[in-house]
Amino acid sequence: MPCKPDGPTDLILNWYQKNKRDLPWRNTQDAYAIWVSEIMLQQTRVDTVIPYYKQFMSRFPDAAALAAASEDEVLPAWKGLGYYSRARNLHRAARILIDKYGGKFPRILKEALLLPGIGEYSAGAVLSIAYDLPVPAVDGNVLRVISRLNGLRQDIARNTTRKTVAQIVAGIMPADRAGDFTQALMELGALICIPLSPRCDACPVSSLCCAFRDGSQGEIPVKTGQKAALEISVHAALIRKGGRILMEHRQDQSLLSRMWGLPVLLDPPEDMSEIPAVFMQKYGLALLPGPCLGQCRHVFSHQIWNIRVYSHILHTKGADVIRGTGNTLRWVTREETEGLAIPAAFQKMLALTAGQDG
DNA sequence: CAGACGTGGAA
DNA sequence: TTTCCAAGTCT
């Protein structure tokens, strides 16, 4: 049966003050800087984010700089980080800030929630951390910490659980130190109240914790299992001409949308003789597959690509830019690929073909 | 609500 | 190698 802890607030705040990590986004109160960090940190580890964050803030130091940039300049700064809609939404939202909010992140919760890429968590995080407004920010850490503290056994994947936890956080959030408390709760979840083998011996609120008392740390939080990713066979085309490679700007696809990659066929026909017809239909290109240059595997969150990269001979007479069905193809040099937003999946494929340009 | 949406690190 | 992720959002 759930129990209500009495006064974890000060214990958590004091612990945070002594144990918080020195992170780049903790040396500022600038709402833009904090906003960028929150977006980058979504489903992404701190260690992974740090170098991207520093580079991004240097390149786009404020909302005006980001809004003034084109998407072709913003996406390369995000390449390799994953979840690229975050970058597109951040960019769009920066333009909305400039157009409608005087370049400042809104202080009103409902206005913040209207911005693309800002959900309940991020709105609460920016408002509390940047503006010290007492708005709860419930992320995976907070879900875990509060669930264990209160002995909550509701599935944390459910929205109703998130709301319950937000209520509990609102009830113990100090009005004068909202930002510190939001970060303290997440820091506790990141360093002490970790998913596996929590360090309860070092926890400032173990004496108040229902899960610790019951020894149920391993059972809480309750989380529904994820489905196995679908395995897909992928035929990737390396098409060369005069030291250049034909790259595709993935305009109309949902996965890796508006990123650059080699032309690919998902679930290609097993009979290689049928490949040219499929390329003609998808890209309007007359291609003849040649030798396989290598293979690799790339795991996305919801699907797995088993990739073979083939050299191809192009029979289509070529303009520099060839328009396929909804996608743009462009001849680029190896050097030029570095400035393009090419996600990890396609970086792997290109690595397989390095030195194959002659 | 369930599923799409990336990636690399840890156990 | 396999499993589970890590400071979520959108549809």
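The model shown is predicted, which means the values in this text are computed figures rather than measured ones. Throughout, protein chains are lettered first and strands after them, A, B, ... in sequence-line order, and every chain is numbered starting at 1.
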Original post:
Counting only non-hydrogen atoms, which of residues 121-132 of chain A are less than 4.0 Å from DNA chain C?
Top reply: A:Y121, A:S122

Original post:
At what distance, to the nearest 0.5 angstrom, does CG of A:D10 lie from CH2 of A:W15?
Top reply: 15.0 Å

**OP:** Could you list all the ring pair (Phe, Tyr, Trp, His ring centres under 6.0 Å) pairs where at least one residue sits in residues 86-127 of chain A, not counting sequence neighbours?
**Re:** A:W35-A:F105

Original post:
Is a side-chain N or O of A:R26 found less than 3.5 angstrom from the main chain of A:R21, in a donor-acceptor match?
Top reply: yes

Original post:
So, does A:R162 use its side chain to make a donor-acceptor pair with the main chain of A:V138 at under 3.5 Å?
Top reply: no

Subject >> Interatomic distance at C1', C:dT1 relative to B:dG8, whole Å >> reply: 16 Å

**OP:** Answer yes if the side chains of A:R334 and A:T353 hold a donor-acceptor pair under 3.5 Å, and no otherwise.
**Re:** yes

**OP:** Among B:dC5, C:dG8, B:dG6, find the nucleotide with the atom closest to the side chain of A:S254.
**Re:** B:dC5

Original post:
Base, sugar-phosphate alone, or nothing: which one does A:R258 contact when heavy atoms must sit under 4.0 Å apart?
Top reply: nothing

Give every donor-acceptor pair under 3.5 Å between a side-chain atom in residues 165-181 of chain A and any protein atom, sequence neighbours left out.
from, atom 1, to, atom 2, distance (Å)
A:R177, NE, A:D180, OD2, 3.4
A:R177, NH2, A:D180, OD2, 3.2

**OP:** Would you mind classifying the nucleic acid contact of A:V46 as base, sugar-phosphate or nothing, using non-hydrogen atoms under 4.0 angstrom?
**Re:** base

Original post:
Of A:R21 and A:I118, whose nearest nucleotide on DNA chain C comes first from the 5' end?
Top reply: A:R21

Original post:
Any side-chain donor-acceptor pair under 3.5 Å between A:E231 and A:N306?
Top reply: yes

Subject >> Closest to the A:H302 side chain, choosing from C:dC10, C:dC5, B:dA4 >> reply: B:dA4

Original post:
When the distance from CD1 of A:I156 to C1' of C:dC5 is rounded to whole Å, what number comes out?
Top reply: 11 Å

Subject >> salt bridge (charged side-chain N to carboxylate O under 4.0 Å, His left out) contacts touching residues 49-75 of chain A (sequence neighbours left out) >> reply: A:R59-A:E73, A:E71-A:R258

Original post:
Starting at CD of A:E187 and ending at P of C:dA6, how long is that distance when rounded to a whole Å?
Top reply: 14 Å

Subject >> A:H312 side chain vs A:Y310 backbone, donor-acceptor pair below 3.5 Å >> reply: yes

**OP:** Measure from CZ on A:R86 to C1' on C:dC10 and round the result to the nearest Å.
**Re:** 14 Å

Original post:
When you check the phosphate oxygens OP1 and OP2 of B:dA2, does a side-chain N or O of A:K227 lie under 4.0 Å from one of them?
Top reply: no

Original post:
What nucleic acid atoms does A:R162 come within less than 4.0 Å of, heavy atoms only: base, sugar-phosphate, or nothing?
Top reply: nothing

**OP:** Can you tell me the distance, in whole Å, between the CG atom of A:L41 and the C1' atom of C:dT9?
**Re:** 15 Å

Original post:
Is it true that a side-chain atom of A:R148 and a backbone atom of A:F212 form a donor plus acceptor pair closer than 3.5 Å?
Top reply: no

Original post:
Pick the nucleotide of DNA chain B nearest each of A:A157 and A:Q303; which residue has the one closer to the 5' end?
Top reply: A:A157

Subject >> Atom-pair distance (CE on A:M40; P on B:dG6), nearest Å >> reply: 15 Å

**OP:** Could you check whether A:Q183 gets within reach of a base, just the sugar-phosphate, or nothing at all, counting any heavy atom under 4.0 Å?
**Re:** nothing

Check the interface with nucleotides 7-11 of chain B: list each N/O to N/O pair with the protein under 3.5 Å, or write none.
from, atom 1, to, atom 2, distance (Å)
B:dT7, OP1, A:Y84, OH, 2.7
B:dT7, OP1, A:A344, N, 2.6
B:dT7, OP2, A:H298, NE2, 2.7
B:dG8, N2, A:R45, NH1, 2.5

Subject >> Between C1' of C:dC4 and NZ of A:K223, the distance in whole Å >> reply: 8 Å

**OP:** Have a look at A:L113 and say if it touches a base, only the backbone sugar-phosphate, or nothing, with a 4.0 Å heavy-atom cut-off.
**Re:** nothing

Original post:
Which pairs count as ring pair (Phe, Tyr, Trp, His ring centres under 6.0 Å) when at least one residue sits in residues 38-70 of chain A, sequence neighbours excluded?
Top reply: A:W25-A:Y53, A:F56-A:F60, A:F56-A:W78

Original post:
NA contact type, A:K79, heavy-atom cut-off 4.0 Å: base, sugar-phosphate, or nothing?
Top reply: nothing

Subject >> A:L188 CG to C:dA6 C1', straight-line distance once rounded to whole Å >> reply: 16 Å

Subject >> Nearest-angstrom distance from the residue atom CD of A:Q226 to P of B:dG6 >> reply: 16 Å

Subject >> Rounded distance in Å between the C1' positions of B:dC1 and C:dG8 >> reply: 16 Å

**OP:** Give one of base, sugar-phosphate or nothing for A:W25, where a contact means two heavy atoms less than 4.0 Å apart.
**Re:** base

